[in-house]
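Read through the structure below, which is laid out as structure tokens, and then see the notes.
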Amino acid sequence: MGEDIEKPEKVEALNIDSKKVNHDYVKPSAHAVDKGRRLYYTTWILQFLTLLLGNMGFILLGGKALKEINLEFNSTSMRLQVFIVITGFVYFLFAYLVPTMSAMRNWLAPSAIFTITFEVTLLAILLKDGKRSEREKDYNIHGSKTDKIFNAFGAIAAILVCNTSGLLPEIQSTLRKPAVVNMRKALIMQFTIGLAIYYGVSIVGYWAYGSSVSAYIPSELSGPKWAKVLINSFAFLQSIVSQHMFCAPIHEALDTKYLRLDEKMFSKNNFLRRFILRSIIFGINTFITALFPFMGDFVNLFGSFTLFPLTFVFPSMIFLKVKGKSSNGVEKAWHWINIIVFSFLSIITTASAIRIIVNNARIYYFFADT
């Protein structure tokens with residue numbers, strides 16, 4: 001009898017709660033649902049384009065690093081495309097054998113070591129090269145006024161991309177609790193110490209070599225030989241981990257759709273399906289990278305076309321939609337400024353990135369050995 005009495009009471013309590021929820025719930029209109037769905041797919045497409053373009057940039061970076069290593073041991077190097085293919089194959093192996101984001105946990109500490117060693121060694125050689133008086137340096141910015149304006153906007157997009165490197169310490173910080181507090185600490189560290197190092201390399205590189213410095217600074221270094229090999233090796237190794245971090249959401253989305261979820265990740269069927277999926281992704285990305293090997297162009301397009309809307313515009317739009325009626329005037333003005341300013345920057349920097357790609361296509365031609 002006790003059980004018979006308790007059950008109706010529980011059911012009645014649940015019914016009361018459900019009535020309360022139904023009373024507070026306002027069903028969205030069909031227009032609102034359709035608008036939300038369009039924004040969802042727009043965000044999804046931009047995010048995946050960002051990840052794909054970022055992966056191409058990493059493939060190009062890895063190919064450049066391997067080519068520099070090869071030049072240290074051979075007077076005549078093979079074409080850049082050979083090293084791009086090698087890089088794409090290594091990335092494919094890593095993504096195949098480390099299939100998920102959580103499987104990367106054993107690689108986070110080595111990636112931090114790679115980065116620190118790369119930065120310290122690179123800065124030491126840049127300082128040494130900068131003190132050499134026999135090297136002629138030109139600090140003037142060349143080109144027409146139009147070129148300077150578009151290149152300046154392209155640089156803004158590149159700076160935005162560099163700031164996304166905060167993802168790595170942010171992911172590392174979630175390995176222990178409290179995750180949110182640790183993430184904030186990691187991001188503060190990245191946007192203070194991390195940015196000081198990144199901008200330090202850029203400024204010291206400009207001081208050491210002038211305005212004609214290569215987009216890939218390690219190619220400018222005077223030596224010693226072991227240091228150049230070490231720097232390029234760590235650049236290549238770190239690029240393996242970094243590209244996987246950016247490309248993992250694409251892999252996991254495809255795995256969720258095409259792998260058999262009731263079987264283990266390394267079962268025979270999933271092993272074969274994952275091989276096909278990874279081959280398609282890296283096959284296409286490697287081919288496009290080899291076709292357009294223009295260092296820095298992918299970075300600019302990546303930052304301008306996708307990161308400006310995703311980072312600044314869409315969050316402000318969502319805030320105004322969800323909390324616009326209850327927010328004060330200062331908050332509304334702040335988010336409207338974000339939407340207007342960064343929409344303008346997205347348009348102008350995208351135009352700048354496309355202009356640079358078109359100009360380089362005229363200069364270098366397809367499959368150029370840059």
Side-chain angles (χ1 to χ4, degrees), residues 50-74 77-99 101 104 107-108 110-119 121-122 158 161-162 164-165 167-168 198 201 205 214-221 227-251 278-303 360 364 366-370:
T50 300
L51 299 175
L52 288 171
L53 286 169
N55 183 254
M56 294 176 197
F58 278 117
I59 292 174
L60 193 55
L61 170 64
K64 279 279 189 180
L66 290 181
K67 184 175 181 179
E68 291 298 321
I69 294 173
N70 180 259
L71 282 171
E72 292 301 313
F73 298 98
N74 296 286
S77 176
M78 293 182 286
R79 290 179 60 84
L80 175 62
Q81 279 70 23
V82 174
F83 301 105
I84 287 175
V85 171
I86 294 172
T87 302
F89 179 71
V90 173
Y91 287 6
F92 158 77
L93 285 179
F94 188 86
Y96 186 58
L97 299 175
V98 185
M101 183 75 80
M104 285 183 63
W107 293 90
L108 296 179
S111 81
I113 295 172
F114 297 153
T115 302
I116 293 171
T117 307
F118 172 86
E119 297 286 353
T121 311
L122 180 60
V161 175
C162 292
T164 62
S165 56
L167 284 172
L168 193 54
Y198 286 144
V201 169
S214 170
Y216 184 63
I217 290 183
S219 64
E220 300 277 358
L221 303 179
K228 293 182 70 175
V229 172
L230 180 70
I231 287 172
N232 285 289
S233 297
F234 280 145
F236 176 75
L237 292 173
Q238 172 61 13
S239 74
I240 299 174
V241 181
S242 297
Q243 67 82 27
H244 190 62
M245 177 185 68
F246 282 96
C247 214
I250 295 178
H251 298 323
R278 300 294 190 273
S279 298
I280 293 172
I281 289 292
F282 287 104
I284 294 174
N285 282 5
T286 302
F287 175 78
I288 294 175
T289 306
L291 185 65
F292 302 104
F294 313 136
M295 197 63 171
D297 296 0
F298 287 109
V299 175
N300 291 341
L301 186 61
F302 165 41
N360 280 340
Y364 291 119
F366 294 145
F367 297 105
D369 185 20
T370 60

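Side chains included, hydrogens not; waters and symmetry mates left out as well; all remaining heavy atoms used. Throughout, residue positions are numbered sequentially from 1 according to the sequence presented.
Minimum heavy-atom separation, Leu221 to Lys228: O-NZ, 3.1 Å. Among all heavy-atom pairs drawn from Ser279 and Phe92, the shortest one is OG-CE1, 3.5 Å. Among all heavy-atom pairs drawn from Gly88 and Thr286, the shortest one is CA-OG1, 3.5 Å.
Annotation: side-chain contact (heavy atoms from CB on, under 4.5 Å) contacts of Ala235 (sequence neighbours excluded): Ala65, Phe118, Tyr216. Remark: Gln81 engages Arg79 in a side chain to side chain donor-acceptor pair (under 3.5 Å) (not counting sequence neighbours). For Phe83, the ring pair (Phe, Tyr, Trp, His ring centres under 6.0 Å) criterion is met by no residue, not counting sequence neighbours. Residues passing the side-chain contact (heavy atoms from CB on, under 4.5 Å) test with Ile281 are Cys247, Ile250, His251, Leu254, Asn285, sequence neighbours excluded. With sequence neighbours left out, Ile116 forms a side-chain contact (heavy atoms from CB on, under 4.5 Å) with Val120. A search for side chain to side chain donor-acceptor pair (under 3.5 Å) contacts involving Ser214 returns Ser219, not counting sequence neighbours. Thr117 pairs by the side chain to side chain donor-acceptor pair (under 3.5 Å) definition with nothing, not counting sequence neighbours. Considering only residues two or more places apart in sequence or on other chains, Ala248 meets the side-chain contact (heavy atoms from CB on, under 4.5 Å) condition with Met101.
Distance check: Thr289 OG1 to Leu60 CG gives 6.5 Å after rounding to the nearest 0.5 Å. Atom-to-atom distance recorded for Asn55:CG and Ser242:OG is 11.5 Å, nearest 0.5 angstrom. To the nearest 0.5 angstrom, Ile240 atom CD1 is 10.5 Å from Leu61 atom CG. Distance check, rounded to the nearest 0.5 Å: CE of Met245 to CZ of Phe58 gives 6.5 Å. For the atom pair CD (Gln238) and CD (Gln243), the distance works out to 10.5 Å, reported to the nearest 0.5 Å. With values rounded to the nearest 0.5 angstrom, Leu230 atom CG is found 9.5 Å from Ile69 atom CD1.
A 4.5 Å side-chain heavy-atom check between Lys64 and Pro218 finds every atom pair outside the cut-off. Looking at heavy atoms from C-beta onward, Pro110 lies out of side-chain contact with Val241 at the 4.5 angstrom threshold. The shortest distance between side-chain heavy atoms of Val90 and Phe236 falls below 4.5 Å.
In this structure, Asn70 contributes its side chain and Leu66 its backbone to no donor-acceptor pair below 3.5 Å.
Among pairs with a residue in residues 86-97, those fulfilling side-chain hydrogen bond (donor to acceptor under 3.5 Å, both in side chains) read Tyr91-Ser239, at least two apart in sequence or across chains.
When each of Ile86, Val85, Leu80 is paired with Val82, the side-chain contact (heavy atoms from CB on, under 4.5 Å) condition holds for Ile86 and for no other.
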